[in-house]
Structures are given as structure tokens and as C-alpha cells.
K.L.:
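Quick one: this structure, given as C-alpha cells, is what I'll be asking you about.
All figures in this text were calculated on a predicted structure; none of them were measured in a lab. Just so we're on the same page: letters track the sequence lines, and every chain starts at 1.
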Amino acid sequence: MDTFLSVTLDLLQGFWMTFKVFGLTLVFALPLGLIMSFLSMSKVKIVSAAMKTFIWIIRGTPLMLQLIVVFYGPGLIFKIDSLDRFPSVIVAFVINYACYFSEIYRGGIESIPKGQYEAGQVLGMTKSQIFFKVILLQVIKRIIPPMSNEIITLVKDTSLARIIAVYEIIWNAQSYIKSAGLIWPLFYTGAFYLIFCGLLTVFFRAMEKKLDYFRS
Amino acid sequence: MSVLEVKNIQKSFGKTEVLKNISFSLEKGEVLSIIGSSGSGKTTLLRCLNFLEFAEGGTISVNGEKIYDGSEKRSMKENEIRMKRLHFGLVFQDFNLFPQYNVLKNVMLAPTLLKLGTEEEIEAGARALIARVGLSDKTESYPCELSGGQKQRVAIARALALNPDILCFDEPTSALDPELTGEVLKVIKSLKNGDSTMIVVTHEMGFAKEVSDKVIFMADGIIEEEGTPEDVFGNPKSAKMRAFLSKSFENI
């Protein structure tokens with residue numbers, strides 16, 4: 001019983017790191033993704049082409065590789081000080097997820113009928129008023145399902161942080177194999193992920209329900 | 001002085017000339033119907049008036065003031081276009097109500113954003129307009145809970161809320177079931193008693209005949225025939241107009 005308690009505490013500590021990576025990634029990647037989606041839809045060809053190329057590279061290579069590049073790259077290539085481990089993880093995750101989010105935003109924005117913009121225009125609204133007062137909520141409603149998918153994937157992707165030795169929950173659990181010959185702590189981590197993803201699922205369902213009052 | 005004076009409007013999409021030197025004028029309180037077959041440029045003309053498209057040539061004057069000159073369109077700033085647009089209102093074929101707002105909020109949104117009064121004033125004005133289109137019992141409803149005809153009446157109230165000099169309708173009943181067109185046409189007709197100047201692009205020949213002061217028949221980007229409804233419908237001079245009329249009525 002004592003072991004169970006100490007393992008639980010240890011895993012909780014690891015999960016706190018998992019949660020920090022998850023939370024900080026969302027805080028930065030959600031707005032950054034929106035900006036990137038605007039750039040990828042820019043009428044200035046060179047801007048949209050540059051953005052699309054960038055998104056292609058990030059989506060086309062493994063997050064694991066990106067973590068390694070962010071952490072080791074600056075030191076090895078440019079001979080400058082690398083970021084610490086934790087900030088490196090956040091930078092890599094934010095860039096990676098912002099790219100996926102930007103494509104989800106783009107899909108949502110482009111699916112709003114042109115007539116909604118035109119209605120705002122003929123009513124004398126400014127571009128930003130049209131976006132924030134008319135378009136945005138409709139976009140949010142449409143992108144909740146793909147967004148919740150991506151965000152739930154993020155929960156589990158955080159385990160990649162261990163690649164550059166950031167001690168998240170899986171790392172902590174795995175250390176019991178070597179130190180105590182215990183395998184079950186590793187399986188036990190599954191419960192943490194399941195419960196957290198379950199909470200997220202409930203949250204997204206509630207959000208969908210809240211926006212159920214209108215159809216667009 | 002004419003409330004609206006349109007001179008030599010030209011517009012092409014790529015190599016297709018959609019509007020070729022369109023000119024007409026409108027007096028305050030008049031109702032102009034624009035008829036013609038699909039692809040004749042009617043809708044494009046309305047969109048040019050509302051600056052959803054920009055004419056490549058020609059001028060638009062409202063109350064004697066030139067607000068648009070096709071030869072210098074590039075010098076117009078975003079904000080300038082926005083303010084000039086307010087001379088016109090536009091009711092769309094497919095309503096384009098804002099789905100996340102209820103009827104009252106749909107009508108109030110633009111006046112609130114443009115700060116046209118205190119919130120109480122704007123709300124009172126909006127309620128009066130909603131009553132005018134006969135939807136006082138629907139102020140709290142969302143667009144998805146309304147029929148097509150009701151949606152279009154809300155759209156009319158929403159356009160009226162900005163008190164435009166000229167209110168334009170782009171085939172306001174084309175997206176409606178036949179039994180719903182009547183209620184919308186009745187509302188448009190009722191506006192005539194006020195001093196609203198209106199331009200209605202329509203396929204409803206009966207409506208055009210009965211309500212308009214002036215009818216323009218467009219074909220292939222030009223005004224083929226114009227005049228009072230009596231002249232245009234009763235005594236059409238152009239062959240195209242005669243052909244169009246006989247087709248329109250043979251459908252009925």
C-alpha cells in the first residue's frame with residue numbers, strides 16, 4: 001500500500017509537468033495559430049506561400065525531431081546558448097501545434113459563407129468588427145470537433161518531452177522498472193491520461209451544447 | 001435634384017463585360033424595379049452601388065454629391081468606402097442574417113457598432129422596425145427558428161435600421177417558397193408609403209408592375225428598355241423585352 005501511495009504521488013508530480021506542457025502549449029498555440037491562419041490566407045502571395053511552406057515542414061516532420069532540433073540546434077549550428085529543457089519543449093510544442101491549429105482555423109474561416117462578410121460590409125461594419133462580432137463565434141462552433149481531437153492528441157503527445165529529458169509522467173513511471181522492477185506504474189499512467197481526456201471530452205461536449213442554440 | 005444619379009457604369013469580370021454604360025436616375029421616394037433574365041447584370045449593378053464590386057468606369061452621385069468615380073477608385077480608403085456605403089442599404093437574396101444573434105440583436109448590431117445613439121434609443125428604434133415588418137412576437141427568436149419569409153423581413157428591418165438613402169433588394173423573394181413571397185412583397189410595398197427610395201431587382205413581374213414608379217429592363221449588360229410600368233409592360237418597344245415578357249407570363 002505504501003508503494004502504491006508513493007508511486008501515485010510520484011506520478012502526480014510527473015503529471016503536473018505533463019499538465020504544464022499541455023496548458024502552456026494551448027495558451028500560446030491557440031492565438032499563434034489564428035495569426036498563422038491569417039498569414040496563410042493573405043492576399044500577398046509571398047506571405048501565404050511562406051506560411052504554407054512553413055506549415056508543410058512542421059506538419060511533415062515528427063514532433064520528436066522538432067524537439068531535438070529546438071533543444072540542440074542553436075548550440076550545435078549557431079554556437080549560441082541553447083534554451084533550457086523545459087522552454088525548449090514549450091517552443092517546439094507551440095510551433096508544432098500552432099501549425100495544426102492554423103489549418104483548423106483556416107478551414108473554419110473559409111467555410112463561413114461570403115454573404116456573412118457582405119452583410120457586415122453593407123451594414124457599414126469595419127473588417128475587425130465583422131470578424132469579431134459576426135464571423136468568430138460561427139467559426140468556433142464549426143471547429144470544436146476538430147479542435148477537441150487535436151487537443152486530446154496534445155495531452156498524449158506531451159510524453160514526447162522525455163526525449164530531451166523533461167521528467168513527465170511516463171518518465172517517472174518508467175524509472176520504476178529499473179529502480180524497483182515494477183511495471184505496473186507504467187500501466188497506471190494510463191489512468192491519468194484517461195481521466196484527463198475524459199474531463200476534456202466532457203468540457204468540449206458542454207461547449208458544443210452551449211453553442212447549439214444557433215445553426216449556421 | 002435626383003436622390004441617385006448613375007452615369008455610364010461599366011464593369012467586367014475578366015473579359016466578360018457585365019455592365020456596359022449603365023445610366024439612370026431616381027427621385028426621392030421612387031421605387032425602381034430592375035427586371036431581366038439571369039446573367040443580364042442586374043445583381044452586379046446593385047453590388048456596384050453597394051461597393052461590393054467596384055465599377056471600372058462611370059460615376060455614382062447621391063443627393064447631388066458624387067460619391068464614386070470609377071476612374072479614381074484606387075484612391076478610396078477602406079473607411080471612406082465604408083461611410084459611403086451607408087447611403088445604400090442592401091437586402092440579399094439569401095438573407096444573410098447573423099445566425100448567432102436573435103432578431104432584435106440582428107437589427108441592433110450595426111447601429112450599436114456605428115454608435116448611432118444610446119443603447120435605449122437603438123433598441124427602441126429596432127423594436128419599432130421589427131413591428132413594422134410584423135415580427136414583434138419574434139424579437140427573441142434566432143434565425144434558425146424563422147421561416148424564409150420571416151428571415152427576409154428581419155433582413156429588411158436590419159437594413160432599415162441604418163436609415164439608408166436608397167434601399168436595394170437583390171431578388172428578395174427568389175430563395176423563398178412561393179407561398180412565402182407574398183408576405184415579403186407586402187412589407188416592401190408598405191415601405192413605399194414612407195419616403196424610402198428603393199431599387200428592387202426582381203423576377204416578380206406582377207410586383208414590378210404594381211409597385212414600381214419606374215421599370216428598367218436589362219439584357220446583356222445594357223438597359224434595353226426603361227419607363228413607367230405601363231409603358232414597359234403595356235407597350236414594350238424592344239424585341240428582347242417582348243420575348244422576355246412572353247416567356248415570363250407563359251410560365252404562369
K.L.:
To check you understand the geometry: which heavy-atom pair defines the closest contact between B/L114 and A/L123, and what is its length?
P.N.:
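Result for this residue pair: CD1-O, 3.6 Å.
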K.L.:
Measure across B/L109 and A/M125 and return the closest heavy-atom pair with its distance rounded to 0.1 Å.
P.N.:
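Smallest interatomic distance, heavy atoms only, reads CD2-CE, 3.5 Å.
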K.L.:
Quick check: are there more than 12 heavy atoms from other residues, nucleotides or ligands sitting under 6.0 Å from CG of A/L9?
P.N.:
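Above 12, so yes.
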K.L.:
Taking the side chain as every heavy atom from C-beta outward, state whether B/E78 and A/T126 have any pair of such atoms under 4.5 Å apart.
P.N.:
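When only atoms from C-beta onward are counted, A/T126 and B/E78 do not touch, as no gap falls below 4.5 Å.
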K.L.:
Dump the intermediate steps for side-chain contact (heavy atoms from CB on, under 4.5 Å) on B/Y101 and A/K133, then the final yes or no.
P.N.:
CA-CA 10 Å; B/Y101 296 124; A/K133 300 284 179 181; 4.0 Å; yes
K.L.:
If you draw a 6.0 Å radius around NZ in B/K7, do more than 12 non-hydrogen atoms from other residues or ligands fall strictly inside?
P.N.:
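At most 12 heavy atoms, drawn from other residues, nucleotides or ligands, come within 6.0 Å of this atom.
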K.L.:
In terms of heavy-atom pairs under 4.5 Å with chain A, which of B/K84, B/R158, B/R82 leads?
P.N.:
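Answer, by heavy-atom pair count under 4.5 Å with chain A: B/R82.
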K.L.:
What part of A/Y117 lies closer than 4.5 angstrom to a heavy atom of chain B: side chain, backbone, both or neither?
P.N.:
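Contact with chain B: none, neither part.
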K.L.:
Quick one: closest heavy-atom pair of A/Q121 and B/L52, and the distance?
P.N.:
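Minimum heavy-atom contact is OE1-CD2, 3.3 Å.
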K.L.:
Taking the side chain as every heavy atom from C-beta outward, state whether B/P99 and A/R215 have any atom pair closer than 4.5 Å.
P.N.:
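No, their side chains stay 4.5 Å or more apart.
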K.L.:
Quick one: does B/R85's side chain have a donor or acceptor within less than 3.5 Å of a partner on A/V122's backbone?
P.N.:
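No.
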K.L.:
Return the minimal non-hydrogen interatomic distance between B/F98 and A/A119, and the atom names on each side.
P.N.:
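Minimum heavy-atom separation between B/F98 and A/A119: CE2-CB, 3.9 Å.
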K.L.:
Got a sec: does the CZ of A/F38 have more than 12 other heavy atoms crowding it under 6.0 Å?
P.N.:
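For A/F38, atom CZ is crowded (more than 12 foreign heavy atoms under 6.0 Å).
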K.L.:
Nearest heavy-atom pair of B/Q100 and A/Y213: which atoms, and what distance?
P.N.:
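Between these two residues, the closest heavy atoms are O-OH, 3.2 Å.
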K.L.:
How many angstroms lie between CD in A/E118 and CZ in B/F51, if you round to the nearest 0.5 Å?
P.N.:
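The distance works out to 14.5 Å.
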K.L.:
Should we say atom CZ of A/F86 is surrounded by more than 12 heavy atoms from elsewhere, each under 6.0 Å from it?
P.N.:
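Yes, the 6.0 Å shell around CZ holds more than 12 heavy atoms from other groups.
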K.L.:
Please check if the number of heavy atoms outside A/E110 that lie under 6.0 Å from its CD is greater than 12.
P.N.:
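Enclosed: over 12 neighbouring heavy atoms sit under 6.0 Å from CD of A/E110.
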K.L.:
List the atom of B/L86, the atom of A/G124, and the distance in Å for their closest heavy-atom pair.
P.N.:
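Heavy atoms only, the tightest pair is CD2-CA, 3.8 Å.
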